[in-house]
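Here is the structure we will look at, set down as structure tokens.
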Amino acid sequence: MTLELIVFIATILFGALLYWRESNGNGLYRFFNKIVNSKELQMKADDKTGFVYQQSFLLRLVFISFLFLVGIVITRFLIPIDLATISLFGSMIAGTVLGTYLANFIFKSSEVIDEKSDSLEDIVHDTIEKGKDFIEDIKGNETKIGSSKSKETPIEPLQKEIPKEPEKSARERLKDKGLL
């Protein structure tokens, strides 16, 4: 179980590395695309699609499974010890797929943060200023309440009562509108 956990964490990192590598260049995918497809069906020069980069879940799963299947077959021939079991194979595939989606999330969030960095900076500064004002208000109220004078004299109300203007009755408002 410990070996599977270590392999799972390592393959998450491998998946993130694989995704990052393909986001920078997809030469291997282009090579296989030129070999497999005819001239009309080959990918365009500006297409950045790779084995895991900008692929759907199913194709990503197929490509990663094939990669680890080839790796396990080569490992079986080189090392005759039964090291590559089914559970390790499954955890390697799941970890790599999870790592690719984790890397995708990190790339997308870093792009959004870069785009919104100026507005985020302004929001943070405004929030800090409001917090400072709030703390100063609290400190100001504590000095009034906590002083020895406050025990002797009552605290003055913060707002004075505003005298109300006499309001018209409902009958007078209806007369003004011409309804009565």
Side-chain angles (χ1 to χ4, degrees), residues 5 8-26 29-30 33 40-65 90-180:
L5 186 62
F8 182 72
I9 292 170
T11 54
I12 288 175
L13 296 174
F14 174 71
L17 178 72
L18 187 65
Y19 188 86
W20 173 77
R21 177 66 186 101
E22 278 204 346
S23 70
N24 290 333
N26 59 353
Y29 188 77
R30 277 189 191 284
N33 190 332
E40 296 83 27
L41 297 176
Q42 289 178 3
M43 59 193 293
K44 296 178 176 70
D46 61 343
D47 192 5
K48 296 189 92 180
T49 305
F51 288 109
V52 293
Y53 184 71
Q54 293 182 347
Q55 285 288 359
S56 65
F57 172 74
L58 190 59
L59 282 174
R60 204 177 277 200
L61 183 67
V62 168
F63 288 137
I64 290 173
S65 299
S91 65
M92 286 189 298
I93 291 171
T96 306
V97 170
L98 182 67
T100 60
Y101 279 103
L102 183 67
N104 183 17
F105 174 73
I106 291 170
F107 284 166
K108 293 290 182 184
S109 63
S110 66
E111 288 174 7
V112 169
I113 289 173
D114 287 342
E115 289 174 6
K116 307 267 183 177
S117 65
D118 295 332
S119 63
L120 286 176
E121 185 176 333
D122 294 338
I123 291 170
V124 169
H125 284 300
D126 291 343
T127 306
I128 290 173
E129 291 300 321
K130 288 178 184 177
K132 287 179 182 178
D133 294 341
F134 181 70
I135 290 173
E136 287 175 5
D137 290 343
I138 290 174
K139 285 182 181 179
N141 289 340
E142 286 177 359
T143 56
K144 287 182 183 177
I145 296 171
S147 66
S148 60
K149 265 187 174 179
S150 65
K151 293 178 183 176
E152 298 169 4
T153 60
I155 298 175
E156 296 178 18
L158 295 177
Q159 294 180 350
K160 296 181 180 178
E161 290 185 28
I162 301 172
K164 294 184 179 179
E165 297 178 13
E167 295 182 11
K168 293 183 178 181
S169 67
R171 181 182 278 290
E172 291 173 352
R173 288 187 301 227
L174 288 173
K175 283 182 180 177
D176 289 342
K177 290 181 182 178
L179 297 173
L180 272 183

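With sequence neighbours left out, the side chain to side chain donor-acceptor pair (under 3.5 Å) criterion links Gln55 to Tyr29. Under the rule for a ring pair (Phe, Tyr, Trp, His ring centres under 6.0 Å), Phe8 has no partner lying at least two apart in sequence or in another chain.
Each salt bridge (Lys or Arg N to Asp or Glu O under 4.0 Å) pair with one or both residues in residues 168-180, not counting sequence neighbours, appears once here: Lys168-Asp176. Applying the side-chain hydrogen bond (donor to acceptor under 3.5 Å, both in side chains) definition to pairs two or more places apart or across chains, those involving residues 12-21 are Tyr19-Asn104.
Residues Ile93 and Ser65 come closest through the heavy atom pair CD1-OG, 3.5 Å. The nearest pair of heavy atoms linking Ala103 to Ala16 is CB-CA, 3.8 Å.
For the atom pair OG1 of Thr127 and NZ of Lys132, the computed distance is 12.0 Å after rounding to the nearest 0.5 Å. Note that CG of Leu59 is 11.0 Å distant from CD1 of Ile64, once rounded to the nearest 0.5 Å.
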What side-chain donor-acceptor pairs closer than 3.5 Å can you find for residues 94-102, not counting sequence neighbours?
residue: Thr96; atom: OG1; partner: Met92; partner atom: O; Å: 2.7
residue: Thr100; atom: OG1; partner: Arg60; partner atom: NH1; Å: 3.4
residue: Thr100; atom: OG1; partner: Val97; partner atom: O; Å: 2.6

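Two residues are said to be in side-chain contact when any heavy atoms from C-beta on lie closer than 4.5 Å; Val112 and Lys108 fail this criterion.
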